[in-house]
Amino acid sequence: MIANVIVDVASQNTNRPFDYEIPEKFEGIVQPGVRVIVPFGPRKILGYVISLSETSSFSSVKKITDVLDVIPTLTEELLHLGKWLSNYTLSYYISCLQVMLPQVMKAKYRKELWKLTDEPLQSALDAVFDGRGVMDFEEFEQSGVSYHVLRKHMNEGEVDVHYEVKSRETKKLKPMVAPALSPIEMEEKLEDLSPQARKQRAIVEYFLQQPDPLEKKLLLDKLQTTSAALKPLVEQNVIKEYKQEVFRDPYGGREFKRTTPFALTEEQETAIQPILSRIENQQHDVFLLHGVTGSGKTEVYMQSIQQVLDNGEEAIMLVPEIALTPQMVERFKGRFGSKVAVLHSALSAGEKYDEWRKIQRREVQVVVGARSAIFAPFTNIGLIIIDEEHETSYKQEDRTRYHARDVAVQRAKTHNCPVVLGSATPSLETYARAVKGNYQLLTLSKRMNEAVMPEVELVDMREELHSGNRSMFSIPLKEKIEERLARKEQIVLFLNRRGYSTFVMCRDCGHVSECPHCDIALTFHKRQNRLKCHYCSHEEPMPEKCPECESKTIRYFGTGTQKVEEALQELIPEARIIRMDVDTTRKKGAHERLLTQFGEGKADILLGTQMIAKGLDFGNVTLVGVLAADAMLNLPDFRASEKTFQLLTQVSGRAGRHEKSGEVVVQTYTPEHYSIELASTYDYEQFFQEEMKLRKAFRYPPYYYLTLFTISHPNQLKAEEATRKITMFMQQKLSQQAYVLGPTPSALARINNRYRYQCMVKYKKEPEQRKFVERILHYYEDEMKQENGLQITVDFQPYQLM
DNA sequence: AGCACGCCGACT
DNA sequence: GTCGGCGTGCTC
């Protein structure tokens, strides 16, 4: 039998199966989806068996060296999905297979030098071995001994280069004990035991009471004894000791309050019926659940999942990384208990692996996770939910550039199951499809508990400035904050930091400190008093005086959360503030701890960035303030308005979710902008209409699809030239209906000393496009191999345009 | 990707 | 001659 293997070498030439003979001892074990170690040239590498065949068209095939899995790591479905993904993102098959798996399943390679003789080597190499039989190949390379010497020894058969492949995964094992004999034999043994052996007696008696295996430590604790008493029993084969894999449980030992399904409102009932019917009939369909914040989308999700579980099927629920808060996990664990696995980036590599294995071993039926959880190795999927469907984090922005929504639809089609996309502010793409009838639109227009959407007040910061208020807090916001403080209610202040980083500028000559390798201003980090670049690793001390004009008036500008916190504290000294940003939440568990503190009322004001916009649900929050609503509006991104509308709506949704009604203050320099105005009246429909007009006029999605080429090279002319060639080629090949724009310097024109140019394609239908792109990539293959050569990335349906 | 092989110039 | 550097082509 022959195994067709995709090897762990990401390159154009190896992007196809290689054939290997299956040794007799592995017959029946080697099957599609299994990971194997195979000889590849002089080395040994990891590979994935994708299929089996009787014969090979190759004259000589090597044998599989080793098999790593008993259960296939990838199901047949995932193997196919990987192939599809590779086609759809134009990336290597092997990269697609790897993107579906936890990081630890990637192979670790080691290259060693083995000494095969006991005699000393007649060269300097002997000293490098220093009496050892094995050493790291790197040691040899650093020793300065020449390759010719090595070659000579290898020809003499005295040393050999040894390649090793290791799996990174580590399984945690715990010692277990269980009876090794039948109860009757145990009874007999009990009589044989000497009367002095009281503890041994106790152990045997224990297992006569209950013969189930249990953790060794637990048994010894229970019977108040030590291994000393167990040992003779093990030696006499009465008790057996063995190790069992334990799963690291990131939520281990925590009690989750059981929750039971709520009675659905009429609206929820209407929305859930079509979903349930598709689940029942095993029918594929895509639903858009458009529900205002606080309308109870989660309850609809959970009851749909319950239906799936009752049918003996499995469910995947995606949530944006940032919304994967403890509150969210709690709700799911509370409802579905141990049936849930959680996958997100805050877990350690080992924890992620264990959660993944729980899925693989069918120990759970529900997965709640961020983007990559869409690849959960379930075999019987009955429902896929994508919450906050408009979130850009569902798009992977590097290497295998996929959108989880597309993968979800792909998987749902193979499993004949529905997909539910949920959002209060759907992406234009999705809503347009719902309007067209491609997706089924389900609407929840009312909040639960009869709560109303909070009143939004727009404050024109230009007027504030004119009336002499130069601080970042408007008079109305300050007054409302004080009001809440007096009433012992809580406040959430949201700072949209994007485009507002703290940069350093000289007040005399206007000099701005920039990164020497990237075309971007350096960011000031107060704690270390240093300037850092956010795109490369460059950093430097904060200058004492301006490097240009030597003036001492060099200062930092912009509005970081830290600075806002200081200003706020100065303005309202009695306020207790919790600041949440990347700095204060870096440590593990910090995020959760800060939220818990806020929830317990240990602070009055929660001040933070994007990360507080989602999923927070605190009853005592009655005021939400947005400090700079238009911060994002001027970014070079055709989705800027959409993102602003979404963000304002999400943030407003944090207020007045329970009995107490809420209020929102939005500070802006452009209150007349439609995205801000319409967000203040919660008018999604109107916003959609306005935005669609612009998208149509400027030929952007959802009217057109986009393809973005980003080409970079240390030499600016080379980058531009290559981009020009690519642009012309695409212009030539694509139809008249496509628009090919370029070469354009990227909004980030230089990163890490590489100049970046772009070519953008806007098109409606170009079935052959991928073929042309492949040709381009093939054409530049050699130039892309070099370390300082050309770099070309292609993104179909890009979200990040910079 | 990472390795061997082979060609070429520099140096004992 | 011998050594090391780098371009080329292959891996079942």
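Chain letters run A, B, ... following the sequence lines, proteins first, then strands; residues in each count from 1.
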Taking atom types as modelled, find out whether [X] and [Y] have a side-chain donor-acceptor pair closer than 3.5 angstrom.
X	Y	result
A/T723	A/Q758	no
A/S345	A/E321	yes
A/Y88	A/D406	yes

Who pairs with A/S746 by side-chain hydrogen bond (donor to acceptor under 3.5 Å, both in side chains), at least two apart in sequence or on another chain? A/R756
Does the separation of the ring centres of [X] and [Y] fall below 6.0 angstrom?
X	Y	answer
A/Y147	A/F140	yes
A/Y535	A/H517	no
A/F375	A/Y402	yes

Report the relative orientation of the aromatic rings in A/Y739 and A/Y704; use parallel for angles under 30°, tilted for 30 to 60°, perpendicular for over 60°. perpendicular
Electrostatic pair A/E21-A/K62, nearest N-O below 4.0 angstrom: no
Reading DNA chain B from 5' to 3', where do the contacts with chain A start and stop? Cut-off is 4.0 Å to heavy atoms. B/dA1 to B/dC3
Measure from [atom1] on [X] to [atom2] on [N] and round the result to the nearest Å.
X	N	atom1	atom2	answer
A/R16	C/dT11	CZ	C1'	8 Å
A/E781	C/dG9	CD	P	12 Å
A/I94	C/dC12	CD1	C1'	15 Å
A/N13	C/dC10	CG	C1'	8 Å

Just call it for A/D8: base, sugar-phosphate, or nothing, with non-hydrogen atoms closer than 4.0 Å on any strand. nothing
Ignoring hydrogens and geometry, is there a side-chain-to-backbone donor-acceptor pair from A/R35 to A/G33 under 3.5 Å? no
Check whether A/R401 reaches the backbone of A/E397 with its side chain - one donor and one acceptor, N or O, closer than 3.5 Å. yes
Test the A/R775-A/F729 pair against the cation-pi criterion, namely NZ or CZ under 6.0 angstrom from the six-membered ring centroid and within 45° of the ring axis. no
Nucleic acid contacts - [range] versus DNA chain C, non-hydrogen atoms under 4.0 Å:
range	value
residues 136-166 of chain A	A/S146, A/H148
residues 21-47 of chain A	A/P39, A/F40, A/G41
residues 57-69 of chain A	A/F58, A/S60, A/V61, A/K62

For A/F796, enumerate each residue passing the ring pair (Phe, Tyr, Trp, His ring centres under 6.0 Å) test, keeping only those at least two apart in sequence or located in another chain. none
